[in-house]
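Just dropping this structure here.
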There are 2 protein chains.
Amino acid sequence: MTRSGKKRVDNGGDGRARPGRRPTIREVSRLAGVSHMTVSRVIRDLDLVQPETRARVHKAIADLGYVPDRAAGSLASRRTGFIALMLPTLTNTNFAAVAHGLTDALRLADYDLLIAYTEYSVSEEERQLKNLLARRPEAMVLTGSMHSRAAAKMLLASGIPVIEIADLPRQPLEHAVGFSNYEVGRTAARYLIDKGFERIGATASSNEGDVIDHRGEERMRGFEDELKRSGRPPELVLRHGHAPVSFDHGVAVTPLLLEKRIDAVFAVSDLSAVGIVMECQRRGVAVPEQLSIVGFGDFEIGREINPALTTIHVDFHALGLRTGRLILDLLPPGAAHAPEIVDVGLTLVERASVRGAK
Amino acid sequence: MTRSGKKRVDNGGDGRARPGRRPTIREVSRLAGVSHMTVSRVIRDLDLVQPETRARVHKAIADLGYVPDRAAGSLASRRTGFIALMLPTLTNTNFAAVAHGLTDALRLADYDLLIAYTEYSVSEEERQLKNLLARRPEAMVLTGSMHSRAAAKMLLASGIPVIEIADLPRQPLEHAVGFSNYEVGRTAARYLIDKGFERIGATASSNEGDVIDHRGEERMRGFEDELKRSGRPPELVLRHGHAPVSFDHGVAVTPLLLEKRIDAVFAVSDLSAVGIVMECQRRGVAVPEQLSIVGFGDFEIGREINPALTTIHVDFHALGLRTGRLILDLLPPGAAHAPEIVDVGLTLVERASVRGAK
DNA sequence: GGGAAACTTGTTAACGTGCACATTCTAGCG
DNA sequence: CGCTAGAATGTGCACGTTAACAAGTTTCCC
């Protein structure tokens, strides 16, 4: 017997069960007849405990239904096991794929993801950020690239690795894993120009007030710049509705496309592009004969519709995985990594929604 | 000046800045010339602090870039501010909508969502559950209805409200907010029977090993039972692939449907149903003339395709909201609520994918 | 057989905050 | 002017765990 009651006054610190409360490590230790540190070692699988002792402890844990309290553990060890992830929205399967990829990479190392989403609102990002930091995550993953001054300051002051994903910012805060949305726009434009289209347009959301899709905006910038370079006016780039765009965005924008006699359009997202295809079907407008369409994101649905959607593909699950692996590199203390910028690249996937596709 | 160093030995407990560490509440209090409790009161907005003092504290907080440590706060107050949510997957927009609804309801009360997902794996559910409970959430939300014995035991022992969602289990663990998947299946079957179809089929995933879509299975049970009741053999209920099903499930299953000369089919999910529609388009099979289709979930894409998809609608965002509100009712201590079972209902949405629709 | 190394277990003191209670200050009143 | 109620602020400790170090035991080798 090792426990003693001499110093403690009258609380349950010596391992007596307390009604209405979850059992603690001390109660387990008492039941198993060991010190609480031995229990702690068994829990964390530190392999320093004799098999028989370990068995006794495991039995006590099972008998009491003991579940360790990670908040207490975090406080003592200064390691929370949290990785924070801030996304614009969860309702976008590509962002959800990022979350899946991240978890897949981090699961083995026993990290938990702490997910927040901003609904594309800048002020909400700041609020959520403070919230997340209060949970002391060991790394912060957020969608690049625009953050408020205050947000950037908080991130830097936090002292944890910061990884911007899904866009490669011109001035990364620290690390970044993503691709160039600007380049996405340029690629789409060049493709349509090379195919010989004349009236080339694009559709995106209009960014009003607090709700801004920075990455979509980057794609449009790249698209417009490439258009200008080929001597075409960028006046056929249409803004409509607000982020996040979905199928109905494409549906709503279709009459405008037709009215402006656009013959090839780049949509800020596959979802919008699919909406355009569907609305064209209903209006008897032939795709791609009368209207060619390029999307972005390579959403599953784009592969299934008729005609299948030409799009720009980014492997978001791999992006999440890569981010997770970067974090695992970064976290062991000591190794003061230089900022790492990983470009996961992008691929134009030619399918049938553009006239003259191979 | 209130601080004193008499009892403390040599650590930073009296509020001296410590290099490489985030500032603590005591450093703030020292800078502001107050006790740490006053700072704590200011942070938590308890309205017991004089305006000038409060201002001084706020300035100190800003100067130091102080962010409270919720892990420490959780330990002291025994309230973590976490609500745990366990889902099969995030890549399903309906489940994502539940998460959104939950956050919307809980945001104001300053709760954070702790999300885990199981990929439909039973063993993974148990693993994740233990993980989540170690974070001491104040309530646990999980998708009903099948849980392992061990899981159920852990949940009961946790002493927190448990809310099963998305299916109303026959034997709820405690509270439940959802709908009857069995009834979904029956409704679909009755609808197709009433429309006068003869060769009525259904498609779902086959549940092998550890990966099981219990809720989809319930829908199939209901469907089969209603079919039998009408004297039809349930042999046209096809199982194929594994959960989660998506568009390609429908694509893959279409040749089987045609081969079996099925003239009306209920798909376990809209995504599969959309896949069937698309594959029929490619094969020149007319929908609904040659094959009628009913889905489940009322996913956005189903409204956009041609023909638009008849489906069974459940308001998942509202489901999340309702769950959040239930939690807010449950959490104030004292009020020992009786188990609450909320049926959010379901609606059959008639669209053009079924022959003879209004 | 003696000593060091390796293994196993234990003791004590943080970790950063909130609760319960104590103390100080202020205003109001007879 | 002294007393009291209430507001404002402070003190001490507990929350449940892990780090750091200490101590006891066994093993191994010359």
Side-chain angles (χ1 to χ4, degrees), chain A residues 1-4 6-15 18 21-30 32-54 56-57 64 66-81 134-136 333, chain B residues 1-4 6-15 18 21-30 32-54 56-57 66-81 134-136:
Chain A
M1 285 295 149
T2 49
R3 120 204 105 82
S4 75
K6 19 187 170 156
K7 299 224 180 124
R8 296 287 180 167
V9 197
D10 72 336
N11 61 359
D14 65 351
R18 298 154 317 158
R21 289 212 202 160
R22 304 233 51 178
T24 72
I25 203 172
R26 297 199 118 94
E27 292 170 44
V28 174
S29 71
R30 183 167 186 241
V34 297
S35 80
H36 73 280
M37 272 312 295
T38 299
V39 178
S40 176
R41 290 183 184 113
V42 170
I43 292 168
R44 287 177 295 155
D45 218 10
L46 291 186
D47 266 352
L48 304 158
V49 181
Q50 207 131 40
E52 310 126 46
T53 317
R54 188 199 317 256
R56 212 149 20 103
V57 170
L64 289 177
Y66 168 74
V67 178
D69 185 327
R70 291 265 250 150
S74 301
L75 192 59
S77 68
R78 318 249 206 79
R79 300 209 27 220
T80 58
R135 300 290 187 180
R136 296 287 188 271
Chain B
M1 286 297 152
T2 50
R3 122 203 104 84
S4 75
K6 19 185 172 158
K7 299 228 179 121
R8 295 287 179 168
V9 196
D10 71 336
N11 61 358
D14 65 352
R18 297 152 320 155
R21 289 212 202 160
R22 305 234 51 178
T24 71
I25 204 171
R26 299 201 115 96
E27 291 169 43
V28 175
S29 71
R30 184 169 184 238
V34 296
S35 79
H36 78 277
M37 271 315 294
T38 300
V39 178
S40 176
R41 289 182 184 113
V42 169
I43 292 168
R44 288 178 295 154
D45 218 11
L46 290 186
D47 267 351
L48 304 157
V49 182
Q50 208 131 38
E52 309 125 47
T53 316
R54 189 199 316 256
R56 211 145 25 98
V57 170
Y66 169 74
V67 178
D69 185 329
R70 291 264 251 149
S74 300
L75 193 57
S77 68
R78 315 245 208 81
R79 300 212 26 221
T80 58
R135 301 290 187 180
R136 295 290 187 268

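Throughout, protein chains are lettered first and strands after them, A, B, ... in sequence-line order, and every chain is numbered starting at 1.
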Quiz item: Rounded to the nearest 0.5 Å, how far apart are CG of A:Asp45 and CZ of A:Arg54?
Solution: 6.5 Å

Quiz prompt | Length of the CD1-C1' vector between B:Ile25 and D:dT11, whole Å | solution = 14 Å

Quiz item: Does the side chain of B:Ser35 get closer than 4.0 angstrom to OP1 or OP2 of D:dT9 through an N or O atom?
Solution: no

Quiz prompt | Passing option when B:His36 is tested against B:Arg41, B:Arg30, B:Arg26, B:Glu27 for side chain to side chain donor-acceptor pair (under 3.5 Å) | solution = B:Arg26

Quiz item: Which heavy atom of B:Leu75 sits nearest a heavy atom of A:Ala72, and at what distance?
Solution: CD1-CB, 3.6 Å

Practice problem: Identify the two heavy atoms, one from A:Thr53 and one from A:Val34, that lie closest to each other, and give their separation to 0.1 Å. | Solution: CG2-CG1, 3.8 Å

Quiz prompt | Any B:Ser40 side-chain N or O less than 4.0 Å from OP1/OP2 of C:dT17 | solution = no

Quiz item: Within this structure, what is the CZ-to-C1' distance between B:Arg135 and D:dG16, rounded to whole angstrom?
Solution: 14 Å

At a cut-off of 3.5 Å, list every protein nitrogen or oxygen paired with a nitrogen or oxygen from nucleotides 4-8 of chain C, distance to 0.1 Å.
{"residue": "C:dT8", "atom": "O3'", "partner": "A:Gln50", "partner atom": "OE1", "Å": "3.4"}

Exercise. Give a yes/no answer on whether the side chain of B:Arg18 brings an N or O atom under 4.0 Å of OP1 or OP2 in C:dG16.
Key: yes

Quiz item: If you take all heavy atoms of A:Tyr66 and A:Ile43, which pair is closest and at what distance?
Solution: CE2-CD1, 3.4 Å

Exercise. For A:Arg78, enumerate each residue passing the side chain to side chain donor-acceptor pair (under 3.5 Å) test, keeping only those at least two apart in sequence or located in another chain.
Key: none

Check the interface with nucleotides 19-24 of chain D: list each N/O to N/O pair with the protein under 3.5 Å, or write none.
{"residue": "D:dA19", "atom": "OP2", "partner": "A:Arg44", "partner atom": "NH1", "Å": "2.7"}

Self-check item: Residues in salt bridge (charged side-chain N to carboxylate O under 4.0 Å, His left out) contact with A:Arg44, at least two apart in sequence or another chain
Solution: none

Quiz item: Do side-chain atoms of A:Ser29 reach the backbone of A:Val39 as a donor and acceptor pair under 3.5 angstrom?
Solution: no

Exercise. Give one of base, sugar-phosphate or nothing for A:Arg21, where a contact means two heavy atoms less than 4.0 Å apart.
Key: sugar-phosphate

Quiz item: Relative to the 5' end of DNA chain D, which residue comes earlier, B:Leu75 or B:Thr38, by the nucleotide with the nearest heavy atom?
Solution: B:Thr38

Exercise. Just report the end-to-end axis angle for the helix from C:dG1-D:dC30 to C:dG30-D:dC1, five pairs per end, to 10 degrees.
Key: 40°

Quiz prompt | Heavy-atom closest pair, residues B:Val57 and B:Val28 | solution = O-CG1, 4.3 Å

Quiz item: Looking at residues at least two apart in the chain, or sitting in another chain, which of them share a salt bridge (charged side-chain N to carboxylate O under 4.0 Å, His left out) with A:Arg70?
Solution: A:Asp110, A:Asp112

Quiz item: Looking only at atom types and distance, does a side-chain atom of A:Arg136 sit under 3.5 Å from a main-chain N or O of A:Thr80, one as donor and one as acceptor?
Solution: no

Quiz prompt | For atom CG of A:Asp69 and atom C1' of C:dC15, their distance in whole Å | solution = 13 Å

Quiz prompt | Atom-pair distance (CZ on B:Arg22; P on C:dC15), nearest Å | solution = 17 Å

